[in-house]
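Structure, as structure tokens:
When reading the values below, keep in mind they use all heavy atoms of this one structure, side chains included, and skip hydrogens, waters and symmetry mates. By convention in this document, chain letters (A, B, ...) are assigned in the order of the sequence lines, proteins followed by strands, and residues within each chain are numbered from 1.
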There are 2 protein chains.
Amino acid sequence: MASALNEASDRLIARPSGLAEEVYRRVRADIMSLKIPPDTRVSVDSLARELGVSQTPILREALSMLEANGLVSKRHFAGYATSPRMDRAQLDELFEFRLLIEPHAARKAAEAMAEPDLALLASGEAAPSHDAFADMDTEFHRLIAQGAGNHLIADSLARLHIHVHIFRSCFRSEITEEAVREHTAIIAALQARNGAHAEAAMRRHIERSYGRLRDFIKD
Amino acid sequence: MASALNEASDRLIARPSGLAEEVYRRVRADIMSLKIPPDTRVSVDSLARELGVSQTPILREALSMLEANGLVSKRHFAGYATSPRMDRAQLDELFEFRLLIEPHAARKAAEAMAEPDLALLASGEAAPSHDAFADMDTEFHRLIAQGAGNHLIADSLARLHIHVHIFRSCFRSEITEEAVREHTAIIAALQARNGAHAEAAMRRHIERSYGRLRDFIKD
DNA sequence: TTTGGCGAAATCCTATAGGATATTTGATCC
DNA sequence: GGATCAAATATCCTATAGGATTTCGCCAAA
């Protein structure tokens with residue numbers, strides 16, 4: 001992940017950027033796609049063999065970064081393990097946090113979002129498969145958070161949405177039509193540059209999204 | 001830092017917890033105390049010699065964790081460097097974020113904070129020196145964020161307050177009396193279990209704190 | 001005086017090997 | 001049959017060595 005406060009412009013020469021970054025992306029993708037399920041031990045040796053790279057420092061660095069994002073946890077001399085699936089309490093905390101941030105982000109995005117990003121947002125609303133919907137939803141919220149023009153907001157939400165993604169994937173939640181309608185409403189408010197409406201629509205979307213996901217939990 | 005979603009109970013046997021954690025704390029303390037000033041290169045070899053430990057994987061792990069917290073940034077084959085001091089834009093973003101989170105945290109803390117923590121909060125309000133005030137302020141906000149009962153909120157604010165601490169230390173801001181009065185008002189609202197007052201008092205505190213710090217920036 | 005290129009030093013990045021520790025499995029005893 | 005203990009395994013943690021890259025100082029030329 002990029003640092004919290006330093007934002008590099010996107011127009012950079014493609015640096016090798018190190019193997020650590022590469023491994024980090026790969027492992028994160030495996031976790032998000034549930035190829036590595038939650039609450040599963042992750043062996044450094046196995047990954048090293050599978051990826052054909054050494055253990056030091058690549059995997060240790062990559063796993064440290066994943067740990068900082070809350071995707072894996074480390075126990076001394078006992079290795080890394082993916083975080084267990086969110087329970088009810090954690091889901092509550094996560095959506096409480098989202099309700100604090102995202103409606104505000106939607107309001108600011110309505111006022112300040114760049115026109116090209118807005119067009120991109122409106123164009124990407126087609127969700128045939130489950131995976132495509134999940135990616136589209138992540139991208140939807142990412143673009144709005146970025147449109148708010150605050151890197152802290154964007155980074156925090158990106159980190160949170162990874163967990164939302166994993167949780168949703170665990171249950172293969174197929175309820176997309178309602179969510180798409182809510183997205184449409186938000187996009188309409190953004191295009192109208194109506195901050196109040198965008199904020200309200202986003203709040204409603206998150207609240208209903210919470211209701212949809214909460215049903216999957218029985219603990 | 002602890003992971004974002006996994007909260008370990010504090011009542012744990014004192015594990016060795018690894019050298020990485022130790023090094024991480026040490027380096028973070030050096031950065032926060034300005035012993036390592038902002039925008040300064042951090043040599044892995046130097047640190048390894050100074051601390052009497054090897055380079056792999058301790059320093060790399062510790063520095064990776066610091067990078068995830070936005071305290072240092074890495075450039076490929078060019079080593080680590082502490083993040084430059086916040087500029088005006090970053091300060092604005094940080095306080096916009098704080099205004100989103102902390103007033104809400106104060107409201108929840110007023111409703112749900114444990115009595116012992118509240119007593120602890122009220123007892124720790126003595127700030128003789130500058131450093132003591134800085135630490136006390138950090139602890140003040142940390143306790144309230146923790147009192148809100150949401151680990152995501154607590155972790156986010158902990159990460160942000162590190163940067164506030166560094167920024168304040170850079171200018172040796174001595175304006176503590178006003179801040180202490182504002183703290184007192186917040187504590188009174190918390191003790192009265194008045195969520196609305198606590199939220200308003202916290203909002204006012206952050207806004208005035210922003211005004212005090214903003215004056216130091218001329219960029 | 002400033003600018004461009006060149007070389008040496010410092011630094012980081014990667015790989016491999018040995019020591020220490022937690023987990024697991026199997027056998028034994030109650 | 002269940003529990004306890006011990007050995008074996010798997011894993012992580014640390015140290016050292018070699019290769020690749022950037023950076024900084026130096027010198028020459030415009």
Between protein and nucleotides 6-12 of chain C, what N or O pairs are separated by less than 3.5 Å?
unit_1, atom_1, unit_2, atom_2, d
C:dC12, OP1, B:V42, O, 3.4
C:dC12, OP1, B:V44, N, 2.6
C:dC12, OP2, B:V44, N, 3.3
C:dC12, OP2, B:D45, N, 3.4

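With sequence neighbours excluded, the residues forming a side chain to side chain contact (heavy atoms under 4.5 Å, CB included) with A:S33 are A:K35, listed by chain and number. When the salt bridge (charged side-chain N to carboxylate O under 4.0 Å, His left out) test is applied to B:E61, the partners found at least two apart in sequence or on another chain are A:R60, A:K74. With sequence neighbours left out, the salt bridge (charged side-chain N to carboxylate O under 4.0 Å, His left out) criterion links A:E139 to A:R142. Applying the salt bridge (charged side-chain N to carboxylate O under 4.0 Å, His left out) test to A:D30 and every residue at least two apart in sequence or in another chain returns A:R26. The salt bridge (charged side-chain N to carboxylate O under 4.0 Å, His left out) check on B:D92 picks up B:R88, with sequence neighbours excluded. The side chain to side chain contact (heavy atoms under 4.5 Å, CB included) test applied to A:R203 returns A:L99, A:P103, A:E199, A:E207, not counting sequence neighbours. Checked against side chain to side chain contact (heavy atoms under 4.5 Å, CB included), B:A105 has the following partners two or more places apart in sequence or in another chain: B:A148, B:I153.
For the helix from C:dT1-D:dA30 to C:dC30-D:dG1, the angle separating the two terminal helix axes comes to 30°, with each axis derived from five pairs and the value rounded to 10°.
For A:L63 and B:V53, each mapped to the nucleotide of DNA chain D holding its nearest heavy atom, the one lying further toward the 5' end belongs to A:L63.
The CG-P distance, from B:L51 to D:dT14, rounds to 13 Å in whole Å. Regarding A:K74, its NZ atom lies at a distance of 14 Å from the P atom of C:dA22, rounded to whole Å.
The distance from atom CG of A:L66 to atom CD1 of A:I31, rounded to the nearest 0.5 Å, is 5.0 Å.
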